[in-house]
Structures are given as C-alpha cells and as structure tokens.
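Whatever order the structure lists ligands and atoms in, that order sets their numbers, starting from 1.
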Amino acid sequence: ASKRSGKGQLSFYDESMNDLSRRKLFLEQELRRALQNHELQVHYQPILEAGTNRVKSFEALVRWYHKSEGWIGPDEFIPVAETTGLIHQVGSFVLNECFATLASWKDGGAEAIRMSINISVKQLQGNALPHLIKDRLAYYRLLPQEIELEVTESVIMENFEKVCFTLDLLRDLGVYLSIDDFGTGYSSMSTLNRLPFHTIKIDRSFIADVFYDKKSRAILRSMIQLSNEMNLTTIAEGVESEEQYRILKEEGVHEVQGYYFTKPVPANEIEAVWLTGNLSEPLRLHHRF
Ligand code: C2E
Ligand code: MG
Ligand code: MG
Ligand code: MG
C-alpha cells in the first residue's frame, strides 16, 4: 500500500516499489522542483554544411544539473516528463530559452542561422504547440523559417493519425520539420510522402560503422538517395571521426553534426567564439570551445 506523507503527497520511500519506479518517482518530484527553481539549461550543438563546415543551425539539447545527482541526461528524464505531463513545462522552457538565445545571436549579427528543437510526440496532440510557437515567434521577433522542429521517427509512426493534423498546422506556420533518428522507425515511402517534412536526420547508428561495414554504407546511400528524390535535406548525426566525415561527403550528405566537430555547449561558449561577428566563418575542425 502506498503511504502518504504529511501534506498528502505520495511518499518516495515506499517499500513496495521497486528501484526503477522509485527512481522515476524521485525524478518526477525533483523535476517539478527543478522547473520551479530554473535548474534546467539548454546546450547547443552546431550543425554544419558538409564540405564547407559552415554553421547552418544549432540543435538545442536540454540539460539538467541536479545538486546532489550531478548531470541527469534527457534520455532519462524526458520519458519521465512525458508520462507525468511535465513535458509541456519542459517543452515551453526549452522553447523560450532557445528562442531568446537565437534572438540575441541575431542582435549580435548572426545571419541565416536556424534553431532546431526536439519535440516530444506528447506535444504534438491538439493545437497547443502551434499556438505557443506562433506566440513565441511574435514575442521574440523570429521568422518561422528560422525554427526547425525535430520529431523522432519511431514515435511519429506509432501515433501517425494523431500527429498528422498538428504537423500540418506547424507546416502552415512556416517552421521547418525534421524526422529525427531516421532509419530506426520503419517508415514506408508512402507514409513519408504524406508527412510535411523538410529534413531527415540519419540516426547515428548508421554512421557509427559506416567506415568498416559495407552494408551500413549501402543503407546510408539508399537513405540519401531516397531523401534526394523527395527533395529533403539530409543531416548525418553522431559524426565522430574523420573517416566517417569523408564517407558522408562522398555519399553526398548535406549537413553533419557530431563530436568530431563540436559537442553541445552552453550559449555563452558559442558567443565567446562567434559573437564578434564571425558566426558565418567556417568552423575549424576539432573546434574546442
Ligand atoms: P537526439 O535528438 O537524437 O539528439 C542527439 C543526441 O546525440 C544528443 O544527446 C547529443 O548530445 C548526442 N550527440 C551529438 N553528437 C554526438 C556524437 O558525435 N556521438 C554521440 N555518441 N552522441 C552525440 P542528448 O543531449 O543526451 O539527448 C538525447 C535525446 O534526448 C535527444 O536525442 C532527444 O531525443 C532528447 N532530447 C534532448 N533535448 C530535448 C528537448 O529539449 N526536448 C525533448 N522532447 N527531447 C529532448
Ligand atoms: Mg534531435
Ligand atoms: Mg530527438
Ligand atoms: Mg537523433
């Protein structure tokens, strides 16, 4: 039986719970507190044009530094946020934070830069997100084409009918839409065709062994070919080595992102390097912030 603490809250120390549900409950309680105390942050990872290494966009990645636990990764707390409904608060925090960052970079002289934001499928039901985005675009004076929303392929396919309507509303707003972790979600050509996407982000599992494995390279090639025929932009995620980058260029991928170039970093570390007006300069390889 669940015990209740003084204020009617479910107690965290319940003997009947296993370690996993105890951890989830702990994360839920702590995340609620973290949202109120502004403990979440957003880091940014540049996405570069293959070949020229020019910065095309930044992916916003949420971060949580917990005072006793240290860094808690989004892979762990986003699922908790999704099952508890906290994802809406996390999502609007991230949106505000990265819109404000982009607006200030534009004030600092940055041109033709896009911000790419991960969206949970839970945010794609109903029209709350299109409203929020429209409102925030006006507030920060950003153009819709300066924003790209990333949605994971597998969850789109599982919720296809529910999310189509919202995706169409977002597309009508003029923001860009990309399929994240492409290749892991079994989309068919016909479903791809029905969805209003601009960009395909090839999952890093396909990039990881492309240098050693001929089959991976063949899969990569066919994904790029399919995207090209559908007039989509291709981004390779998780590029970690020179060899991988060389192959990706040979195969004609449009944009690249990964530790080989830069890790996600706080906005001020990007500003320290670029806000002197040279944001449009090609990024040096192995750039260390
Ligand atoms: P994702 O959208 O596929 O983001 C890319 C992940 O790969 C990030 O992990 C990034 O730090 C990591 N990464 C980048 N380059 C490399 C590389 O060269 N090698 C390797 N091994 N990894 C690389 P992160 O930040 O831990 O995020 C994990 C996932 O959590 C994201 O996967 C995304 O689905 C989700 N997420 C992150 N931020 C948000 C957010 O604000 N909202 C929502 N709904 N989900 C988010
Ligand atoms: Mg992403
Ligand atoms: Mg994602
Ligand atoms: Mg991804």
Side-chain angles (χ1 to χ4, degrees), residues 27 31 34-35 39-48 57-65 70-99 101 114-125 129 132-133 136 147-156 159 163 176-185 197-211 233-245 248 253 255-267 283 285-287 289:
L27 288 174
L31 186 56
L35 280 160
E39 281 177 20
L40 297 187
Q41 311 168 27
V42 179
H43 286 191
Y44 301 91
Q45 186 178 36
I47 298 173
L48 313 180
S57 57
F58 291 89
E59 179 170 2
L61 294 156
V62 68
R63 295 287 180 264
W64 180 11
Y65 190 79
W71 293 104
I72 301 175
D75 277 335
E76 190 178 8
F77 74 82
I78 292 290
V80 174
E82 286 176 335
T83 54
T84 57
L86 290 171
I87 192 65
H88 298 285
Q89 277 167 267
V90 173
S92 72
F93 163 76
V94 170
L95 213 70
N96 265 303
E97 191 69 20
C98 61
F99 275 35
T101 298
R114 192 178 292 160
M115 188 63 80
S116 203
I117 306 159
N118 291 285
I119 297 294
S120 160
V121 75
K122 293 280 185 306
Q123 295 170 272
L124 287 180
Q125 293 166 19
L129 185 68
L132 178 65
I133 289 185
R136 299 291 84 191
I147 299 301
E148 178 144 5
L149 304 176
E150 301 188 3
V151 194
T152 304
E153 185 192 26
S154 53
V155 296
I156 303 170
N159 298 271
V163 302
Y176 282 68
L177 297 172
S178 66
I179 308 188
D180 208 351
D181 307 333
F182 186 75
T184 61
F197 285 98
H198 299 80
T199 307
I200 273 176
K201 298 192 75 172
I202 300 170
D203 190 68
R204 68 164 178 267
S205 59
F206 297 98
I207 313 301
D209 48 5
V210 79
F211 180 59
T233 300
T234 46
I235 301 181
E237 301 190 293
V239 183
E240 293 183 352
S241 74
E242 190 178 347
E243 291 85 358
Q244 290 167 354
Y245 185 32
L248 290 163
V253 86
E255 296 174 18
V256 287
Q257 172 184 11
Y259 297 164
Y260 178 61
F261 307 100
T262 50
K263 294 200 168 187
V265 291
L283 193 68
L285 284 189
H286 312 296
H287 191 94
F289 284 101

Shortest non-hydrogen contact from I87 toward K122:
CG2-CB, 3.9 Å
All pairs passing side-chain hydrogen bond (donor to acceptor under 3.5 Å, both in side chains) where residues 79-91 contributes a residue, at least two apart
E82-S120
Could you identify the single nearest non-hydrogen protein atom to atom 10 (C) of ligand 1 and state the distance to 0.1 Å?
L61 CD1, 3.8 Å
How does E237 reach ligand 1, if at all, at less than 4.0 Å between non-hydrogen atoms: by side chain, backbone, both, or neither?
side chain
Residue, atom and distance of the protein heavy atom nearest atom 15 (N) of ligand 1 read Q45 NE2, 3.1 Å
Please determine, by modelled atom types, if Q45 and H43 share a side-chain donor-acceptor pair under 3.5 angstrom.
no
With the Mg ion (ligand 2) as the centre, enumerate protein N/O/S atoms below 2.8 Å in chain and residue order.
E59 OE2, N118 OD1, E150 OE1, D180 OD2
Which pair of heavy atoms, one from D181 and one from T152, lies closest together, and at what distance?
OD2-CG2, 3.5 Å
Please report whether the ring centroid of F206 lies less than 6.0 Å from that of F182.
no
What orientation do Y65 and W71 show, parallel under 30°, tilted 30 to 60°, or perpendicular over 60°?
perpendicular
How far is atom 32 (O) of ligand 1 from its nearest protein heavy atom, and which residue and atom name does that atom have?
D180 OD2, 4.8 Å
Report, in ascending order of atom number, the atoms of ligand 1 lying under 4.0 Å from any heavy atom of V94.
41 (O)
Any idea which of P74, S178, G91 brings a heavy atom closest to atom 24 (P) of ligand 1?
P74
Quick one: which of A236, P264, G238 has a heavy atom closest to atom 11 (O) of ligand 1?
P264
Heavy atoms only: which of N118, I87, L95 lies closest to atom 33 (C) of ligand 1?
N118
Verify whether one side chain among E148 and S57 offers a donor that lies under 3.5 Å from an acceptor in the other.
no
What part of V62 sits under 4.0 Å from ligand 1 if we count only heavy atoms: the side chain, the backbone, both or neither?
both
Assess G73 for proximity to ligand 1: is some non-hydrogen atom of it under 4.0 Å away?
no
What protein heavy atom is closest to atom 7 (O) of ligand 1, reported as residue, atom name and distance in Å?
R204 NH1, 3.0 Å
Relative to ligand 1, is I78 under 4.0 angstrom through side chain, backbone, both or neither, heavy atoms considered?
side chain
Which atoms of ligand 1 are found less than 4.0 Å from any heavy atom of D75?
28 (C), 29 (C), 30 (O)
Within ligand 1, which atoms have a heavy atom of D181 less than 4.0 Å away?
3 (O)
For the side-chain contact (heavy atoms from CB on, under 4.5 Å) test, which of F93, Y44, F58 pairs with C98?
Y44
Option passing side-chain hydrogen bond (donor to acceptor under 3.5 Å, both in side chains) with Q257 (candidates E59, E237, R204)
E59
For atom 20 (C) of ligand 1, the option (of K201, E59, R63, E240) bearing the nearest heavy atom
E240
Which residue in the set N159, V163, I156, V155 passes side-chain contact (heavy atoms from CB on, under 4.5 Å) when paired with L124?
V163
With a 4.0 Å heavy-atom cut-off (strictly under), which part of Q257 contacts ligand 1: side chain, backbone, both or neither?
neither
With a cut-off of 4.0 Å, which atoms of ligand 1 are near a heavy atom of S120?
44 (N)
Would one find an N or O of Y259, backbone or side chain, under 3.5 Å from an N or O of ligand 1?
yes
